[in-house]
Amino acid sequence: QVQLVESGGGLVQAGGSLRLSCAASGRTFSNNAMGWFRQAPGKEREFVASINWSGTTTYYLDSVKGRFTISRDNAKNTLYLQMNSLKPEDTAVYYCATATTRGVITGPRWYDYWGQGTQVTVSS
């Protein structure tokens, strides 16, 4: 059974930073791509960032490019999302997920295990 546990969310002022972590267990972490998604109230879950199995390739939602950085530490079975220059529109529950692929992928149907989510709130 794969378990993903996010942490690091919270309340921050616009322009601030947060670092999300996702601890994985139950599967060989380094075999699969990973991703971050988010869901704001009343909106559908949207892709934020993906990283390939080795950490050498990343892909981002246009609106977070240059502000967010996805990374992974395969030795620690942990995925990260560094979020800088946060905006109120980044407010959402953020989820990490494991992909069924080794390469980056954006569609949620390609992700098979999900964490419980962590709330990020950015005040203006």
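Just so it is clear, the structure is predicted and the values come from calculations on it, not from any experiment. Starting from 1, each residue takes its place in the sequence as its number.
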Could you grab the distance from atom [atom1] of [X] to atom [atom2] of [Y], nearest 0.5 Å is fine?
{"X": "Gln13", "Y": "Ser123", "atom1": "CD", "atom2": "OG", "value": "5.0 Å"}
{"X": "Thr69", "Y": "Arg19", "atom1": "OG1", "atom2": "CZ", "value": "10.5 Å"}
{"X": "Thr57", "Y": "Ile70", "atom1": "OG1", "atom2": "CD1", "value": "11.5 Å"}
{"X": "Thr98", "Y": "Asn31", "atom1": "OG1", "atom2": "CG", "value": "11.0 Å"}
{"X": "Arg102", "Y": "Ser54", "atom1": "CZ", "atom2": "OG", "value": "8.0 Å"}

Please determine whether side chain to side chain donor-acceptor pair (under 3.5 Å) holds for the pair Thr101 and Asn32, giving the CA-CA distance in whole Å, both sets of side-chain angles, and the decisive distance to 0.1 Å. CA-CA 6 Å; Thr101 65; Asn32 299 81; over 6 Å; no
Find out if a path of hydrophobic residues (ILVMFWY) with successive side-chain heavy-atom gaps under 4.5 Å connects [X] to [Y].
{"X": "Leu4", "Y": "Ile51", "answer": "yes"}
{"X": "Val48", "Y": "Tyr60", "answer": "yes"}
{"X": "Leu81", "Y": "Val93", "answer": "no"}
{"X": "Leu20", "Y": "Tyr59", "answer": "no"}
{"X": "Met83", "Y": "Phe47", "answer": "no"}

Donor-acceptor pair, side chain of [X] and main chain of [Y], under 3.5 angstrom:
{"X": "Ser50", "Y": "Ile105", "result": "yes"}
{"X": "Arg72", "Y": "Asn52", "result": "yes"}
{"X": "Gln3", "Y": "Gly26", "result": "no"}
{"X": "Asn74", "Y": "Gly55", "result": "no"}
{"X": "Asp73", "Y": "Thr78", "result": "no"}
{"X": "Thr100", "Y": "Trp110", "result": "yes"}
{"X": "Trp36", "Y": "Tyr80", "result": "yes"}

Do [X] and [Y] have a side chain donor and acceptor closer than 3.5 Å?
{"X": "Glu89", "Y": "Thr91", "result": "no"}
{"X": "Thr106", "Y": "Tyr111", "result": "no"}
{"X": "Ser17", "Y": "Asn84", "result": "yes"}

Carboxylate-amine/guanidinium contact Lys65 Asp62, below 4.0 Å: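 Yes, Lys65 and Asp62 are salt-bridged.
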Specify the closest pair of heavy atoms between [X] and [Y], including all atoms of both residues, with the distance to one decimal.
{"X": "Arg67", "Y": "Asp90", "answer": "NH1-OD2, 2.8 Å"}
{"X": "Arg45", "Y": "Trp114", "answer": "NH1-CE3, 3.1 Å"}
{"X": "Gly115", "Y": "Glu6", "answer": "CA-OE2, 3.2 Å"}
{"X": "Phe29", "Y": "Ala24", "answer": "CD1-CB, 3.5 Å"}
{"X": "Val64", "Y": "Arg38", "answer": "CG1-NH1, 4.0 Å"}
{"X": "Ser124", "Y": "Pro88", "answer": "CB-CG, 3.8 Å"}

Describe, in one word, how the ring planes of Phe68 and Tyr94 are oriented to each other, choosing from parallel (under 30°), tilted (30 to 60°) and perpendicular (over 60°).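 Tilted.
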